[in-house]
Protein chains: 2
Amino acid sequence: MIRLLLADDQALVRGALAAMLDLEPDLTVVAQVAAGDEVVPTARRVDPDVALLDVQMPGLDGLAAAAALHRAMPEVRIIICTTFGRPGYLSRAMAAGAAGFVVKDAPPEQLVDAVRRVHSGLRVVDPALAAESLATGPSPLTAREHEVLVAAATGRSVAELAGTLHLSEGTIRNHLSSAIGKTGARTSAAAARIAEERGWL
Amino acid sequence: MIRLLLADDQALVRGALAAMLDLEPDLTVVAQVAAGDEVVPTARRVDPDVALLDVQMPGLDGLAAAAALHRAMPEVRIIICTTFGRPGYLSRAMAAGAAGFVVKDAPPEQLVDAVRRVHSGLRVVDPALAAESLATGPSPLTAREHEVLVAAATGRSVAELAGTLHLSEGTIRNHLSSAIGKTGARTSAAAARIAEERGWL
DNA sequence: CGCAAAGCATGACAGGTGTCATGCGCGGGA
DNA sequence: TCCCGCGCATGACACCTGTCATGCTTTGCG
């Protein structure tokens, strides 16, 4: 019997996944959580074989939760399960110690299959996504550019960013300009959008 | 036995919901589709009692599919089921003839309950969301402002918008300026973001 | 050590953006 | 019928943004 921990902030989706996985004779869902920071404490309590983590979650996101769980309980096999097949997510998931990566577009059997494979020690990754991830490469953004771009993503002005990040306006503009060049965008708003799509934020 | 049609572009979520709903003794999922334009043809074939439609779908979106289905088969009860509880979605869903509106944050029992209530002729709406919807009001954007804002959402420049929409740059700027005023934003990018969040796009 | 890369800053400049005043034509409601 | 609201357009203006050149530090690698 493979013991599963489910983490997803959407109760409906989480419950539905649990119902589906519980139908399999060799799987059993032993815990469900709605936030990233509940993953490690709950895992310690129930000692699952496999943890299925969504990326979008309040508190700690799925990738950070995966890293924390892998550090705390390396024997737990981790699958990242996400809506968006963004290239950056995959590489970050692998870096965080995940053993599998499944997008929510995939057919249900694929998830069940992934759980079994991962439990038996294999790694499971969508080949198409892996290729795209390698083609796009890792995020070329420096720490500062990342920080500035995240703050700019909500549409704030340069002056506001300078205030909240305690940098001069000129510096903000420099970092944004650099990020614009690296994303191939023409405005900071577009740069933020593109970086977001690639999973660089 | 309540016969259900499921429409959601994410195969994993769709399959999981089907598994969960099929567990209920009085419910049965008779069809699943992945795109909005498959809803009406499939409904004609299987004649469901209730249709559960996601908003985000390729082809026709869930709201447009709801309107088409309600026109073609008024006796089918429609529930819109969406990730985002955006105020504008609710009012548009109701205008499209939907009988229920459930967000994916809700507990699983609530969806099952909604199906039964809707099937028995009731309307099901999250009270908190209804209040927010009334407070925010309908979209104040004119048709042109809407069009321009949608085109601007991807971060294109004014000159590009003028080209694709066949309007002068000055006119584009006027519409954007008006939309900026109505959303309370300070830049067109932020205006697009805010309108998006409110379900005005 | 010396050099490269990154962070930070300044100043200057071209071009894009948001606002406003103004004008014209059209269609629907009082 | 008249007038208001909307779409569309122009032109002008202030301001913001993106780019570039330049320079100074700190950090880390060969």
Side-chain angles (χ1 to χ4, degrees), chain A residues 88 91-92 95 136-201, chain B residues 88 91-92 95 136-201:
Chain A
S91 51
R92 281 198 276 160
T136 310
S139 170
L141 302 176
T142 67
R144 278 298 176 187
E145 285 160 4
H146 178 271
E147 187 182 6
V148 172
L149 211 49
V150 167
T154 48
R156 282 198 280 267
S157 71
V158 170
E160 286 169 319
L161 298 184
T164 55
L165 297 179
H166 305 293
L167 297 176
S168 83
E169 292 194 19
T171 303
I172 297 286
R173 280 207 289 270
N174 284 341
H175 287 308
L176 283 179
S177 182
S178 173
I180 286 169
K182 288 174 180 175
T183 52
R186 293 255 277 282
T187 69
S188 55
R193 224 179 41 80
I194 292 172
E196 172 83 55
E197 271 173 14
R198 296 189 184 162
W200 290 351
L201 299 189
Chain B
S91 51
R92 281 199 276 161
T136 309
S139 170
L141 302 176
T142 67
R144 278 298 175 185
E145 285 160 5
H146 178 269
E147 187 182 5
V148 172
L149 211 50
V150 167
T154 48
R156 283 198 280 267
S157 72
V158 170
E160 288 169 318
L161 298 185
T164 55
L165 297 180
H166 305 293
L167 295 176
S168 83
E169 292 194 19
T171 304
I172 297 286
R173 279 209 289 270
N174 283 342
H175 287 307
L176 284 179
S177 182
S178 173
I180 287 169
K182 287 175 180 176
T183 51
R186 293 257 275 283
T187 69
S188 55
R193 224 180 43 77
I194 292 172
E196 173 83 55
E197 271 173 14
R198 296 192 184 160
W200 290 351
L201 299 189

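Throughout, protein chains are lettered first and strands after them, A, B, ... in sequence-line order, and every chain is numbered starting at 1. Fair warning: this is a prediction, and the values are worked out from it, not measured in the lab.
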Handout entry: Note: B:Arg144-B:Glu147 ion pair, threshold 4.0 Å (strictly below)
Key = yes
Practice task
Grab the CD-P distance between B:Glu145 and D:dG7 for me, whole Å please.
Solution key: 6 Å
Problem - Spacing between B:Arg156 atom CZ and C:dT17 atom P, to the nearest angstrom - result: 13 Å
Fill in the blank from the handout: Nearest heavy-atom contact between B:Pro140 and B:Lys182 is O-NZ, 3.0 Å
Handout entry: N/O (side chain, A:Ser177) to phosphate O (OP1/OP2, D:dC20) under 4.0 Å
Key = no
Exercise for the section: Kindly indicate whether the side chain of A:Arg186, heavy atoms from C-beta on, has any atom under 4.5 Å from the side chain of B:Glu160. Expected result: yes
Problem - Phosphate contact (D:dT17 OP1 or OP2) by A:Ser188 side-chain N/O below 4.0 Å - result: no
Handout entry: B:Leu165 CG to D:dC8 P, straight-line distance once rounded to whole Å
Key = 9 Å
Practice task
Mind listing the closest non-hydrogen atom pair of A:Ala190 and B:Thr154 along with its distance?
Solution key: CB-O, 4.5 Å
Handout entry: For B:Ser188 against B:Leu149, the heavy-atom pair lying closest together
Key = O-CD1, 4.3 Å
Problem - Rounded distance (Å) that lies between atom C1' of C:dG7 and atom CG of A:Leu161 - result: 17 Å
Handout entry: Which nucleotide in D:dT19, D:dT10, D:dC8 has an atom nearest any side-chain atom of A:Ile180
Key = D:dT19
Handout entry: Inter-end axis angle, the helix from C:dC1-D:dG30 to C:dA30-D:dT1, with every axis fitted to five base pairs (rounded, 10 degrees)
Key = 30°
Completion exercise
Closest to the side chain of A:Val158, out of C:dA9, C:dG18, D:dT17, is D:dT17
Problem - Interatomic distance, A:His146 NE2 vs C:dA6 P [rounded to whole Å] - result: 16 Å
Exercise for the section: Starting at atom CD of B:Glu147, determine the distance to atom C1' of D:dC8, rounded to an integer number of angstrom. Expected result: 13 Å
Completion exercise
Whichever of B:Thr187 and B:His166 has the more 5' nearest nucleotide on DNA chain D, that residue is B:His166
Handout entry: Gap between atoms CZ and C1', on A:Arg173 and C:dC8 respectively (whole Å)
Key = 14 Å
Practice task
Answer whether the closest heavy-atom distance between the side chains of A:Glu145 and A:Val148 falls below 4.5 Å.
Solution key: no
Exercise for the section: State the CG-CG distance between B:Leu161 and B:Leu167, to the nearest 0.5 angstrom. Expected result: 9.5 Å
Handout entry: Distance below 4.0 Å between B:Thr171 side-chain N/O and D:dA9 OP1 or OP2
Key = yes
Fill in the blank from the handout: A:Leu141 atom CG is separated from C:dA6 atom P, nearest whole Å, by 12 Å
Problem - Side-chain N,O (A:Thr142) to OP1/OP2 (C:dA5) below 4.0 Å - result: no
Handout entry: Side chain of B:Ser168 - closest among C:dT17, D:dT10, D:dG7
Key = D:dT10
Practice task
Establish, with yes or no, whether the OP1 or OP2 oxygen of C:dA6 is under 4.0 angstrom from a side-chain nitrogen or oxygen of A:Arg144.
Solution key: no
Exercise for the section: Please determine, for the side chain of A:His175, which listed nucleotide (D:dG7, D:dA12, C:dG7) has the closest atom? Expected result: C:dG7
Problem - Polar pair under 3.5 Å, donor/acceptor by atom type, side chain B:Asn174, base D:dC6 - result: no
Practice task
Kindly indicate whether the side chain of B:Thr171, heavy atoms from C-beta on, has any atom under 4.5 Å from the side chain of B:His175.
Solution key: yes
